[in-house]
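Atoms within a ligand are numbered from 1 in the order they appear, just like the ligands themselves.
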Amino acid sequence: MKAAGRASKLTSAKAKKAARSRASVQRGAQRGAGTNPARVAAILAKLDEAYPAASCELTHGNAFQLLISTILSAQCTDVRVNQVTATLFPKYPTAEAFANANPAELEQQIRPTGFFRNKTKSIMGASKGILEKFAGQVPRTMEEILTLPGVARKTANVVLGTAYGIASGVVVDTHVQRLSQRLDLTRNEDPKKIEQDLIAIIPQERWILFSHQLIWHGRRVCMARKPRCMECNLKKLCYSKDKTI
Ligand code: SF4
């Protein structure tokens, strides 16, 4: 009986290992062929060379303001958000002020950023959540921050990474998504899966800076429509079908 039990345990362990291996192969197939450690390290070195001090371009004075700016930045440029928050933050200096705002007034104030009705709901909901559940402080964990209305992983990663220096994931916005695909670091389309692919190949201590660097590169060189490949210091490493040289 003992021998039979041991054999059964071994079979079950083997089955689990095989299942893990199959899942890993499947993930790898989606992850992109360009993810070998030497190539990833070369990409990181080139990004460091081009953008050693890349940082968040949303103007903010604290974690709460960054949270509001990031909510406003959905489908909007950082430049436009910064124009709006230049007058918004003096008028609503605290979470209390936003939580008790007149929704119609707030909608008009943030209207230039687009989707202003939904954004007003998210801003007021998040402000109330911060006051009621977190004593007025933006929480410092992914689990907690995701409980706030209107806050998904992208916003959470921006706030935790930039305001608190906590690397709990990689920000996957439209630039990070496009560049990760062009650089063949992922073949996924879903931002959550792309983030998991990047987490698997980028060292954790690089997650925060790497997001900023890809966003900067996407804004300045590797644009969506006409990437400036001639000026790109990654061109030797890039074999994207969108490459223009
Ligand atoms: S070579 Fe062109 S497509 Fe490739 S990363 Fe550079 S700018 Fe983007």
Margin query: Taking the ring of H212 and the ring of Y51, is the distance between their centroids below 6.0 Å?
Written below: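 No, the ring of Y51 stays outside the 6.0 Å limit from the ring of H212, centre to centre.
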Checklist line | Salt bridge K121-E107, side-chain N to carboxylate O under 4.0 Å | finding: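 Looking at E107 together with K121, the answer is no, because their closest N to O distance does not fall below 4.0 Å.
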Check: Between K46 and E49, does at least one N-O distance fall below 4.0 Å, as a salt bridge requires?
Finding: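 Yes.
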Item checked: ILVMFWY cluster, L234 and Y239 together (side-chain gap under 4.5 Å) ->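 No; tracing contacts between hydrophobic side chains, which count when under 4.5 Å, never links both residues.
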Check: Is any protein N, O or S atom closer than 2.8 Å to atom 2 (Fe) of ligand 1, and if so, which?
Finding: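 N, O, S partners closer than 2.8 Å: C229 SG.
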Notebook entry, point to check: Do we get R220 above W216's six-membered ring, with its NZ or CZ under 6.0 Å from the centre and within 45° of the axis?
Noted result: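 Yes - R220 lies over the ring of W216, closer than 6.0 Å to its centre and within 45° of its axis.
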Margin query: Please check this pair: side chain of N188 against backbone of I194, looking for a donor-acceptor N/O pair closer than 3.5 Å.
Written below: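 Between the backbone of I194 and the side chain of N188 there is no qualifying donor-acceptor contact (under 3.5 Å).
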